[in-house]
Amino acid sequence: MAFHRRRNHYYKRFRSVLPLISAVSGALLILFCLLTFLAPAPIDTNNPRHKNLVLYRTLYTANDVVEDTIGKPGEPVLHIPIKGRKDRDVWSSRNSKYFYGCSNASNKFPNANAITHPNRYLLIATSGGLNQQRTGITDAVVAARILNATLVVPKLDQKSFWKDSSDFSEIFDVDWYISSLANDVKIIKSLPRRRGKTWIPHNMRVPRKCSERCYQNRVLPVLLKRHAIQLTKFDYRLANKLDTQLQKLRCRVNYHALKFTDPILRMGEKLVHRMRMKSKHFIALHLRFEPDMLAFSGCYYGGGDKERKELGAIRKRWKTLHTVTIRSTKFDLVLNLNLSDFHFPVNLFGFHHACLYSRSGASNVFIHLQASNPDKERRHGKCPLTPKEVGLMLRALGYGSDVHIYVASGEVYDGEDTLAPLKALFPNFYTKETLASKEELEPFSSFSSRMAALDFIVCDESDVFVTNNNGNMAKILAGRRRYFGHKPTIRPNAKKLYRLFLNQTTMSWEAFASKMRTFQRGFMGEPKEVRPGRGEFHENPHTCICEDSEAKAKRNSGPRKYGKGYDALGDDIPSDYQNVDDEPELPDPDDDGDQDGSQEKGQFNETGMDYDELSNEEPELEEILSD
């Protein structure tokens, strides 16, 4: 009996604590599920593709901060807070509301019907990728206006590196292009027949950065004689500095007249909508880390012999990268150099030095070629950031790991192994290929320009656009986003960030992030970030951006929520502060222009690289690097 009483006693005690045990077990289960949900997809470090990456998520109970830890095995790691900054709005510029695009023509700007001369027809043949061609299409309208000529719808480049057979009407709405510019320039779809026969225009090429006077001196006399001329390889053939009304015409073409065709617009808007369905805000990143891009940039990313051999093999594919014509006005000679005979990499973003030397009193001429230094290129900020560096930059600027990111890119060098750190830092990682099915992309996938147009639309509509190089797409989108409200556009201050990334493991995350914000001031797409006239006009269309001074003055007279000189990056500085030393390196593009119509002078001690003489059978460097 005593045994049964004791057993009943223990049974009752067990039943009394059973609810407590169940509650604790349930709480632990919920906590485990919560941590599992918050953690990113695990990365198998035994996988050879991820052998150099460590990423795990830790909850520090001391301050309840969830952090990502990323680094290489055996090396110091960075502890990165998962949540973004809450002390400022990282999705907009506080001062952008006081600036707006303004490109309407003046009442004194004559109508096209009043100034267009009969029997003057201008044709152009564009060059490069979609966005490089866009600059030519825009400038062609202005060139026709300068010449008082009728413009024939531009011919797109179908023979270069991109090998896209699309014509103008398959990329852009040609009827809208013609009608929207009717008051500025007369545009027709094709050159009329002459005496019942096909009219073959006279081909010619104008110098880079040709001014109004240059067009009047060089092109107009030929046009008056031939009546129809075609300007070939028409990209960046118009000066950066023009009359105000011509600059505003540039803006009307670029930002209003050039609309993509309906199929491209519908697909692009569908991609934007799918990003918006996933998150209220998103970042678009133009990565530009393709093998060709790296090979021809002359940059080195620490991949050892493997990287040197792979990128070197890409360089050898192109004949035009091995043969360069050097013309010397000083020595009255022409030299053809075969660079494959030189056993060093040449930086084909632009040869650093190509000089001719002669011995006094002798007929011998010596060529001095200075090879590029890949490490020096990175130190001087001439190279794209790696995907990992881009991810660390964005996290340091205050974008949390929950941010959705759209990546516009071709095939990335070393594939998933290179992308793994970026995807670990931003697990919500998308491309047009992951947002749309193969069937949806099928009408575009065989045409590089149409695929580039889809990326252009998503990047343009993004809340924040990040460019990892200063190519044509980056420049045009930077200018467009300035014109349409100064939407944040982040351009890495690569020169300063190179040193910061070298020392990232020697400092705390807080110190790293603070330095990042300091170095990026002036590179975030804020109003008045770049002085008027600096950089390409397509990138900095200052003539077409107006300021609402009254609204800004009214704002400044009211109470200040953040205090005087509030800065978008979170630091208090004077409102008119501009770090001149850190201003984006945008040289005056007209320094090498031909402003008076005289013959172009060679560079490098009167000896210049004659790129125009390179064979058309192989793609030229700028076509490979253009976008």
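One-based numbering along the sequence shown. Every heavy atom of this structure was used, including side-chain atoms; hydrogens, water molecules and symmetry mates were not.
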*Take Ser409 and Arg288, measure what side-chain hydrogen bond (donor to acceptor under 3.5 Å, both in side chains) needs, and give me the verdict at the end.*
CA-CA 6 Å; Ser409 175; Arg288 287 317 304 268; over 6 Å; no
*Go through the steps for Arg480 and Asn254 under the test side-chain hydrogen bond (donor to acceptor under 3.5 Å, both in side chains), then give the verdict.*
CA-CA 8 Å; Arg480 184 179 180 86; Asn254 201 359; 5.5 Å; no
*Does the pair Phe484 and Tyr100 meet the rule for a ring-ring contact (aromatic ring centres under 6.0 Å, His included), with working shown?*
CA-CA 7 Å; Phe484 288 109; Tyr100 59 94; over 10 Å; no
*Evaluation steps, side chain to side chain contact (heavy atoms under 4.5 Å, CB included), between Glu212 and Leu246*: CA-CA 10 Å; Glu212 288 182 69; Leu246 293 179; 3.4 Å; yes
_Using the rule given for side-chain hydrogen bond (donor to acceptor under 3.5 Å, both in side chains), can you reason through Tyr406 versus Asp455, listing the C-alpha separation, both sets of side-chain angles and the distance that settles it, and then say yes or no?_
CA-CA 9 Å; Tyr406 176 92; Asp455 280 335; 2.6 Å; yes
*Please report the C-alpha distance between Ser127 and Lys233 in whole Å, then the side-chain angles of each, then the deciding distance to 0.1 Å, and finally whether the side-chain hydrogen bond (donor to acceptor under 3.5 Å, both in side chains) criterion is met.*
CA-CA 5 Å; Ser127 174; Lys233 198 167 173 40; 3.2 Å; yes
_Criterion side chain to side chain contact (heavy atoms under 4.5 Å, CB included) on Leu156 and Asp167, from CA distance to verdict_ = CA-CA 6 Å; Leu156 300 190; Asp167 60 31; 5.6 Å; no
*asked:* Could you walk me through whether Asp175 and Lys259 satisfy the salt bridge (charged side-chain N to carboxylate O under 4.0 Å, His left out) test, starting with their C-alpha distance in whole Å, then the side-chain angles of each, then the deciding distance to 0.1 Å, before giving a yes or no?
replied: CA-CA 10 Å; Asp175 293 324; Lys259 289 174 55 179; over 6 Å; no
*Determine, stepwise, if the pair Glu440 / Lys438 fulfils salt bridge (charged side-chain N to carboxylate O under 4.0 Å, His left out).*
CA-CA 5 Å; Glu440 289 176 308; Lys438 288 185 178 180; over 6 Å; no
*Evaluate the side chain to side chain contact (heavy atoms under 4.5 Å, CB included) criterion for residues Ser211 and Gln216: first the C-alpha distance (whole Å), next the side-chain angles of each, then the deciding distance (0.1 Å), finally the verdict.*
CA-CA 9 Å; Ser211 66; Gln216 291 163 355; over 6 Å; no
*side chain to side chain contact (heavy atoms under 4.5 Å, CB included) between Arg134 and Phe456: does it pass, once the steps are laid out?*
CA-CA 12 Å; Arg134 189 182 183 112; Phe456 186 97; 4.1 Å; yes
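More than 12 heavy atoms of other shown residues, nucleotides or ligands fall within 6.0 angstrom of atom NZ in Lys487.
Taken as a pair, Cys544 and Cys102 fail the criterion of an SG-SG distance shorter than 2.5 angstrom.
Considering all non-hydrogen atoms of both residues, Gly268 and Leu454 come closest at N-CD2, 3.7 Å. Across every non-hydrogen atom of Val185 and Ala149, the tightest pair is CG1-O, 4.2 Å. Closest non-hydrogen pair, Asn470 versus Glu539, comes out as OD1-OE2, 3.5 Å. Minimum heavy-atom separation, Phe537 to Asn240: N-OD1, 2.5 Å. Smallest separation of non-hydrogen atoms from Arg205 and Thr232: NE-OG1, 3.4 Å. Annotation for Pro291 and Val412: closest pair CD-C, 4.3 Å, computed over non-hydrogen atoms.
Side chain of Arg237 to main chain of Val206: a donor-acceptor pair is present (N/O by atom type, distance under 3.5 Å, no hydrogens or angles). Listed for the Asn540 side chain is a donor-acceptor partner under 3.5 Å among the backbone atoms of Arg531. With hydrogens and angles ignored, the 3.5 Å screen pairs no side-chain donor or acceptor of Asn468 with any backbone N or O of Pro384. Looking only at distances, a side-chain donor or acceptor of Glu529 sits under 3.5 Å from a matching main-chain atom of Gly525. When atom types are taken as modelled, the side chain of His202 and the backbone of Ile229 share no donor-acceptor pair closer than 3.5 angstrom. A donor-acceptor contact shorter than 3.5 Å links the side chain of Trp176 to the backbone of His256. A donor-acceptor pair under 3.5 Å is absent between the side-chain atoms of Gln245 and the main chain of Phe109, judged by distance alone.
The distance from atom CD1 of Ile476 to atom CG of Asn131, rounded to the nearest 0.5 Å, is 4.5 Å. Atom-to-atom distance recorded for Asn111:CG and Asn183:CG is 5.0 Å, nearest 0.5 angstrom. Rounding to the nearest 0.5 Å places CG of Asp157 at 11.5 Å from OG of Ser166. To the nearest 0.5 Å, the span separating CG on Asp262 from CG on Asp173 amounts to 6.5 Å. In this structure, Leu147 CG and Leu122 CG are separated by 6.0 Å, a value rounded to the nearest 0.5 Å. Note that CG of Asn472 and CG of Leu130 are 10.0 Å apart. Values are rounded to the nearest 0.5 Å.
Side-chain contact between Pro207 and Arg218 is present, with at least one heavy-atom pair separated by less than 4.5 Å. With contacts defined as side-chain heavy-atom distances shorter than 4.5 Å, the pair Leu231/Tyr215 qualifies. Side-chain atoms of Asn148 and Ile115, non-hydrogen and from C-beta on, do get closer than 4.5 Å to each other. Using a 4.5 Å heavy-atom cutoff, the side chains of Tyr300 and Glu307 are in contact. A heavy-atom distance below 4.5 Å is not found between the side chains of Lys155 and Gln133. Put simply, the side chain of Ile178 reaches to within 4.5 Å of the side chain of Val153, judged on heavy atoms. Between Val219 and Val222 the shortest side-chain heavy-atom distance does not fall below 4.5 Å. Using a 4.5 Å heavy-atom threshold, the side chains of Ile137 and Phe168 count as touching.
Looking only at atom types and distance, the side chain of Lys248 has no donor-acceptor partner in the side chain of Ser103 under 3.5 Å away. A donor and an acceptor atom, one from each side chain of Gln132 and Asp235, are located under 3.5 Å apart. Side-chain contact check for Tyr413 and Asp292: no donor-acceptor pair (N or O, by modelled atom type) lies under 3.5 Å. Defined by atom type and a distance below 3.5 Å, a donor-acceptor pair is present between the side-chain atoms of Arg481 and Thr489.
Using a cut-off of 4.0 Å between Lys/Arg side-chain N and Asp/Glu carboxylate O, Arg250 and Asp139 are scored as salt-bridged.
For an aromatic pair to be called close, the ring centres must be under 6.0 Å apart, and Tyr177 with Phe172 fails this.
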